[in-house]
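Below: the structure, in structure tokens.
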Protein chains: 2
Amino acid sequence: MGELSGDRLIEVLATLASPHRLRVLAALTGGRAYVSQLARDLGISRALLQVHLKKLEKAGLVTAHLELSEDGKALKYYEATPFSLHLTPDVVAVAVTTLSNAGDGDAVPKGNN
Amino acid sequence: MGELSGDRLIEVLATLASPHRLRVLAALTGGRAYVSQLARDLGISRALLQVHLKKLEKAGLVTAHLELSEDGKALKYYEATPFSLHLTPDVVAVAVTTLSNAGDGDAVPKGNN
DNA sequence: GGCTCATGCCAACTATTATTGGCATGAGCA
DNA sequence: TGCTCATGCCAATAATAGTTGGCATGAGCC
């Protein structure tokens with residue numbers, strides 16, 4: 001996971017920059033779990049947890065797959081994806097060169113100064 | 001910079017997770033600069049740049065100091081702080097243990113399920 | 001004095017993200 | 001059938017973050 005684009009880098013960083021998601025990830029690092037179970041473990045609502053799980057999944061930090069329990073219930077198990085990201089000023093400098101101009105853009109400043 | 005608390009980790013991640021701040025940091029990695037100059041280089045307003053610089057400074061990613069130019073003008077120079085942060089699931093798991101319960105909290109879920 | 005350039009800061013607005021509650025579905029089980 | 005448990009999703013609100021423009025200050029310079 002050494003060479004991600006600036007956009008991907010930001011996605012990953014933004015995803016990790018949240019207490020909830022960090023806790024979710026930590027919980028899953030300790031072993032997989034299905035949604036409702038995880039919500040109970042962490043003491044947060046399912047709706048909230050799902051939003052965070054989706055963001056984590058989108059960033060590629062967790063993966064999900066359905067599984068049938070012994071009694072036939074469909075459970076959605078999530079598990080953490082291993083990753084390794086070494087951040088340094090140089091890594092940042094390189095990533096910036098591949099940034100799409102979203103959230104920025106204006107090649108012509110509005111006239112300050 | 002291997003052992004930061006969960007709160008600090010989140011602060012750093014959140015600070016880096018922005019195209020503007022990433023660009024600012026990259027620009028400063030290439031050499032120090034004072035505010036107005038940097039704003040022109042990046043093509044953004046000073047007001048905007050200052051906000052981002054403050055956030056970067058708060059997170060310890062850049063430092064600032066006043067300096068007098070040859071003609072006596074007070075210039076505020078910023079420079080990038082070297083850092084190295086190796087992110088892995090385990091690092092996250094450890095960081096989580098030192099998270100203050102802000103933005104989370106509710107030991108008792110509201111009653112979902 | 002009047003012009004330029006640098007800094008700092010605020011009030012106001014817009015855009016995003018976070019969070020809650022509720023509702024609907026599908027499948028075992030007594 | 002009625003109850004439980006799991007999933008998914010949406011509409012509405014709350015809370016943050018991002019941006020802009022303007023205004024004030026201080027210091028050289030013509």
Side-chain angles (χ1 to χ4, degrees), chain A residues 10-11 13-24 32-59 64-78 101-113, chain B residues 10-11 13-24 32-59 64-78 101-113:
Chain A
I10 286 183
E11 182 182 23
L13 292 177
T15 301
L16 290 176
S18 147
H20 277 151
R21 289 190 290 270
L22 230 47
R23 286 206 182 86
V24 170
R32 61 184 207 144
Y34 62 93
V35 188
S36 290
Q37 182 63 54
L38 194 50
R40 280 189 294 261
D41 290 352
L42 297 172
I44 64 178
S45 73
R46 267 181 22 255
L48 181 55
L49 175 58
Q50 291 204 36
V51 171
H52 290 307
L53 280 174
K54 276 182 185 166
K55 206 156 193 173
L56 283 165
E57 187 175 17
K58 196 171 174 188
H65 65 103
L66 287 178
E67 196 166 315
L68 293 185
S69 64
E70 307 236 333
D71 62 337
K73 297 273 180 62
L75 308 182
K76 189 167 191 178
Y77 273 92
Y78 275 91
N101 15 358
D104 181 6
D106 301 309
V108 180
K110 289 299 162 49
N112 246 325
N113 261 12
Chain B
I10 285 184
E11 181 181 25
L13 292 177
T15 302
L16 290 176
S18 148
H20 278 152
R21 289 191 290 271
L22 230 45
R23 284 206 183 85
V24 170
R32 60 183 210 147
Y34 62 93
V35 187
S36 291
Q37 182 63 54
L38 194 51
R40 280 189 295 262
D41 290 351
L42 296 173
I44 63 178
S45 73
R46 268 183 19 255
L48 180 55
L49 176 58
Q50 290 205 35
V51 172
H52 290 307
L53 279 174
K54 276 182 185 165
K55 206 157 192 171
L56 283 164
E57 187 174 17
K58 196 170 172 188
H65 64 103
L66 287 178
E67 197 165 315
L68 293 185
S69 64
E70 308 238 333
D71 62 339
K73 299 272 181 62
L75 308 182
K76 189 168 190 178
Y77 273 92
Y78 276 90
N101 17 357
D104 180 7
D106 301 308
V108 181
K110 289 299 162 52
N112 247 325
N113 265 9

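Sequence lines set the chain letters: A, B, ... in the order given, protein chains first and strands last, and positions in each chain run from 1. Not measured: the values here are computed from a predicted model.
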So, does [X] get its side chain near the phosphate of [N], meaning an N or O under 4.0 Å from OP1 or OP2?
X: B/Y34; N: C/dA6; value: yes
X: B/R40; N: C/dA6; value: yes
X: A/K73; N: D/dT7; value: no
X: A/K54; N: D/dC9; value: yes
X: B/S69; N: C/dA6; value: no
X: A/H20; N: C/dT17; value: no
X: B/S45; N: D/dG21; value: no
X: A/K55; N: C/dA18; value: yes

Nucleotide [N], atom [atom2] - distance to [atom1] of [X] in whole Å:
X: A/E70; N: D/dC5; atom1: CD; atom2: P; value: 18 Å
X: A/L38; N: D/dA6; atom1: CG; atom2: P; value: 12 Å
X: A/L48; N: D/dA11; atom1: CG; atom2: C1'; value: 16 Å
X: B/Q50; N: D/dG22; atom1: CD; atom2: C1'; value: 14 Å
X: B/L49; N: C/dG8; atom1: CG; atom2: C1'; value: 13 Å
X: B/Y77; N: C/dA6; atom1: OH; atom2: P; value: 10 Å
X: B/L66; N: D/dA27; atom1: CG; atom2: P; value: 13 Å
X: B/I44; N: D/dA17; atom1: CD1; atom2: C1'; value: 15 Å

Using heavy atoms to find the nearest nucleotide of DNA chain C for A/A14 and A/D71 separately, return the residue whose nucleotide is more 5′.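 Nearest nucleotide further toward 5': that of A/A14.
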Most 5' of B/Y78 and A/G72 on DNA chain C, judged by nearest nucleotide: B/Y78
From [options], pick the nucleotide closest to the side chain of [X]?
X: A/H52; options: C/dT19, D/dG8, D/dT20; value: C/dT19
X: B/A47; options: D/dG8, D/dT20, C/dT19; value: D/dT20
X: A/V51; options: C/dG28, D/dT7, C/dT19; value: C/dT19

Decide yes or no on salt bridge (Lys or Arg N to Asp or Glu O under 4.0 Å) for A/E67 and A/R32, but give the supporting numbers first. CA-CA 12 Å; A/E67 196 166 315; A/R32 61 184 207 144; 2.9 Å; yes
Checking all strands, does B/L75 fall into the base, sugar-phosphate, or nothing category for heavy-atom contacts under 4.0 angstrom? sugar-phosphate
Would you indicate what A/Q37 reaches in the nucleic acid, counting non-hydrogen atoms under 4.0 angstrom: base, sugar-phosphate, or nothing?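 Result for A/Q37 = nothing.
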In Å and rounded to the nearest 0.5 Å, what is the CD1 to CG distance from A/I44 to A/L49?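 Rounded to the nearest 0.5 Å, the CD1-CG separation comes out at 4.5 Å.
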Once you round to the nearest 0.5 Å, how far does CG of A/L13 lie from CZ of B/R21? 10.5 Å
Could you go step by step and tell me if B/H65 and B/K76 meet the side-chain contact (heavy atoms from CB on, under 4.5 Å) rule? CA-CA 6 Å; B/H65 64 103; B/K76 189 168 190 178; over 6 Å; no
For B/Y34 and B/Y77, take the angle between the two ring planes, folded into 0 to 90°, and tell me which bin it lands in: parallel under 30, tilted 30 to 60, perpendicular over 60.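 Perpendicular: the ring planes of B/Y34 and B/Y77 meet at over 60°.
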Tell me which of A/A74 and B/R21 sits closer to the 5' end of DNA chain D, going by the nucleotide each one is nearest to. A/A74
Determine whether B/V24 and B/L53 satisfy the following criterion, side-chain contact (heavy atoms from CB on, under 4.5 Å), listing intermediate values before the conclusion. CA-CA 8 Å; B/V24 170; B/L53 279 174; 3.7 Å; yes
